[in-house]
Amino acid sequence: MAVCIAVIAKENYPLYIRSVPTQNELKFHYTVHTSLDVVEEKISSVGKSMGDQRELYLGLLYPTEDYKVYGYVTNSKVKFVIVVDSSNTSLRDNEIRSMFRKLHNSFTDVMCNPFHNPGDHIQSKAFDGIVSGMMVQTG
Amino acid sequence: MESLTLSDVEQKYYSDLFVYCDTDNTKKVASNGRVLDLFRAAQLPSEVVLQITELCGATRLGHFGRSQFYIALKLIAIAQSGLPLRVESLNSVKDLPLPRFVVGKNEAEARHAALYQDTDSQGLYPASGAAVIPRPPGRGHQNKKATPATTSLPVHEVIQPLAPSIEPQPEPTSPVVSPHQSPPTSPHSWRKHKRQHSGGNVERQPVVAATGATWTHFREPQTGTVTGDGMWVSHSPPLPGQESWVSFTADTPPSSTLPAMHPSSVQESTTIRTVASAATTNEIQRQSSGYDDPWKITDEQRQYYINQFKTIQPDLTGFIPGSAAKEFFTKSKLPILELSHIWELSDFDKDGALTLDEFCAAFHLVVARKNGYDLPEKLPESLMPKLIDLDDSAEVPEPAADVGYSASPVEVTPNKSPSMPSLNQAWPEMNPSNEDTAIVHPVPIRMTPSKIHMQEMELKRTGSDHNHPTSPLLTKPPDLPEEAKLPASMKFVAANTVGDGYSSSDSFTSDQEPISRQRSQSGTSPEALKVVAPPPPPPRPHPSHSRSSSLDMNRTFAATAAPGQPQPSTIAYPPAVPPRPLPTQTSAPHTGHRVEAEAVPGGGAVLTTTSPQQIPQQPNFADFSQFQAFAASEQPSSLPEVDKHSEAGQVDKASEGAGPLRTVKSDGQADERVSATVNSAKGSSGPLGPPPKPVRRRLKSEDELRPEDEQHGPQKSNVIAAVLATQPSIPRSVGKDKKAIQASIRRNKETNTVLARLNSELQQQLKDLLEERISLEVQLEQLRPFSHL
């Protein structure tokens with residue numbers, strides 16, 4: 001269960017960011033922002049194989065004392081960032097991958113919507129639903 | 001005028017109408033214009049109107065007082081009910097239905113009245129209270145419903161399609177058409193009718209259908225709607241008209257009490273108001289009627305949607321691309337967010353395009369939204385593609401919708417995969433029988449040369465060789481060495497690969513090329529299965545070489561050479577591939593590949609058996625002149641097989657048994673023996689070892705090789721000639737060739753391994769030599785210390 005989920009556009013501005021509201025959201029926003037550097041670094045290192053299938057799942061970007069940040073980048077340089085609580089040790093890598101996969105599918109559906117202009121903030125209820133399903137269910 | 005007794009309903013109704021006509025707010029006199037318009041809206045013949053006017057006394061008075069107005073209304077009712085206009089009937093007629101007034105152009109009032117007529121007048125009265133009520137509540141309803149201002153738009157839309165359908169109405173259409181009085185051409189009217197009878201099943205249909213009329217009219221009504229709404233709220237008079245819609249569409253009789261009167265603003269506001277009212281009435285009706293599935297698409301609606309679909313995509317089974325759909329639905333003036341949500345709901349398979357079903361669902365949702373319906377979170381069951389039920393039977397919407405929705409994912413998944421964008425990694429294999437997206441398995445195509453393939457290539461090559469006997473062959477050397485770089489005189493091109501193994505001994509290739517060419521020639525000889533003499537093994541190191549495993553072999557060879565002729569042949573085996581029958585052997589008509597095959601595998605046997613014969617002939621290998629003579633003599637000879645065998649054996653041995661033979665020759669004994677055993681009169685082949693031998697001898701001395709090279713030249717040509725001679729016999733049974741080819745392959749592989757081993761040994765020797773040289777140089781330098789100073 002994620003604490004914060006963010007979708008960042010190719011130009012590194014957020015398309016969608018949602019965090020568990022109980023805590024300081026600004027902190028999450030900041031964390032996501034700093035994680036972008038790590039994402040850039042990871043995707044630039046694979047630049048040699050641009051034609052090849054670059055791994056979309058970037059894995060653990062960096063762990064802080066409280067949280068772990070996972071990254072995922074699409075072929076169109078849209079980045080998904082998931083922040084999970086470090087105390088949530090039950091989350092395995094596969095689960096994170098499946099979360100990213102769901103995010104990606106939902107994001108694709110949003111993109112397919114002709115009324116959605118790429119670069120717009122994501123305002124899809126279906127996407128919101130998917131994200132909500134992944135967020136930590138706080139009471 | 002006699003007193004006019006009005007029922008409460010009538011009283012109320014008339015007072016409303018009077019108020020409506022009382023534009024001057026005099027509360028006393030109804031404006032003539034309005035009244036006249038109202039009377040006209042009653043759809044009575046003009047003379048009847050005149051009569052009524054006269055009867056009520058307005059003509060006398062010149063204006064319509066309240067009483068006159070009431071009388072006139074009553075007379076209108078009488079006239080509409082078909083009774084003769086009599087003043088006496090004013091009070092005598094019981095159960096007179098309320099006068100009907102057509103709203104604007106349409107017979108809305110007529111419909112209204114029809115509605116009224118439909119329902120029992122008795123029922124009216126109990127509902128009169130309600131009828132009275134509806135106006136304000138209707139108004140309230142309308143007000144409330146009007147606030148979702150967008151509703152007015154679709155109603156206006158509703159009007160549009162009615163306009164063409166209702167010809168007698170010059171003005172823009174009114175959404176509500178009486179099924180009784182107006183031609184039921186308009187689906188709305190029909191729907192209304194149905195609604196009336198079926199209990200409001202189609203409450204929104206008229207609005208919906210009208211909404212779908214044309215988006216183009218949106219703009220016009222839009223502005224009008226605003227004003228209409230304004231008027232709507234401020235004016236009570238307009239209300240009746242709208243209320244008529246309300247009541248009209250409502251199942252309850254209250255509708256009948258609200259004549260729709262739009263004498264003044266019939267042109268625009270009427271329609272607008274009626275549009276708005278229609279929308280509201282629909283909603284009211286919906287609320288008033290039983291809660292059947294509000295999302296059901298009726299046939300008319302569906303037909304309309306289909307027509308709209310056709311305007312975008314003529315093929316009903318095709319798709320509407322997302323961009324076209326976006327344009328289309330953008331015209332509905334719904335906010336993009338809502339349109340986006342509608343799209344999410346309706347694009348069932350998430351393919352970015354709308355099928356007919358999806359389009360109808362989306363259209364329906366748009367219409368619903370315009371009517372103030374909130375968009376559902378999930379697609380209602382009735383709007384599900386494939387699940388749309390065109391029956392009008394009311395069903396439980398919600399649970400069914402849930403069920404339907406839950407059932408749909410099963411259908412979604414199969415559809416999702418093919419149409420999903422390529423990023424859909426979760427559905428890699430879920431390709432239904434859709435041929436467009438079915439995984440096509442690549443059909444394996446044999447790319448590697450097969451034996452038959454090789455044979456064909458060989459045949460082609462040999463065929464070409466046919467045409468160009470000698471010169472092409474000679475000119476081909478540049479090509480052939482590529483293929484048969486090996487000395488591998490493999491039977492087919494495949495053999496060339498083996499030859500590559502030989503190419504490692506590059507130092508020998510130059511010398512081996514002629515030999516290899518010879519071999520390849522033999523390999524490419526007429527029949528692909530010709531057993532080609534194995535490539536000459538790398539030249540064996542000089543026996544004088546200090547260390548080398550080959551020396552051991554030399555020793556062994558020498559040792560074996562001593563024992564006798566048979567042994568060299570046997571000894572020849574370990575180091576070299578057993579000699580293969582020469583292609584010349586196959587030239588013999590009766591020497592099929594069987595013979596060759598037998599010759600090849602039996603090369604050893606042949607060797608052993610005919611060793612006495614062959615060994616002596618070995619020197620002939622090197623001695624090409626001998627060979628040539630031999631071949632020339634042997635071909636027409638009566639000993640084709642044996643000789644061919646021997647020749648082949650010679651060639652093979654020459655190539656493969658070169659090593660031991662060389663050593664033998666180096667010893668000189670083999671030479672003697674060979675020369676002794678030469679069948680034909682061939683010169684001593686002492687210096688001439690088998691073709692490879694000179695190459696190997698290059699290691700020890702070039703001097704020895706040079707003369708050998710010179711001899712090789714003619715010998716090579718001899719061999720070539722011999723090979724050529726065998727070409728005519730190339731066309732042989734392929735079946736035999738196969739086995740021969742396989743056998744030769746095995747032999748060639750063995751040769752490969754042997755030669756590879758030899759190569760490694762020689763390389764090792766080379767290294768040793770280099771080390772020695774270096775050490776010697778160092779010593780030299782040490783011994784010459786002063787030279788450096």
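Each chain gets a letter, A, B and so on, in the order the sequences are listed, and its residues count up from 1.
Here the shortest heavy-atom pairing between A/Pro114 and B/Ser323 reads CB-N, 4.3 Å. Considering every non-hydrogen atom in both B/Glu344 and A/Lys125, the closest pair reads OE1-N, 3.6 Å.
With chain A as partner, the option from B/Ile342, B/Leu339, B/Ile336 having the largest number of non-hydrogen pairs under 4.5 angstrom is B/Leu339.
Atom NE2 of A/His33 sits in a sparse spot, with 12 or fewer heavy atoms from other residues, nucleotides or ligands closer than 6.0 Å.
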Run the side-chain contact (heavy atoms from CB on, under 4.5 Å) check on B/Thr330 and A/Phe115 step by step: do they pass?
CA-CA 9 Å; B/Thr330 309; A/Phe115 299 102; 3.9 Å; yes
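Test A/Ile122, A/Asn113, A/Asn117 against B/Ser340 for side-chain contact (heavy atoms from CB on, under 4.5 Å) and you get one pass: A/Asn113.
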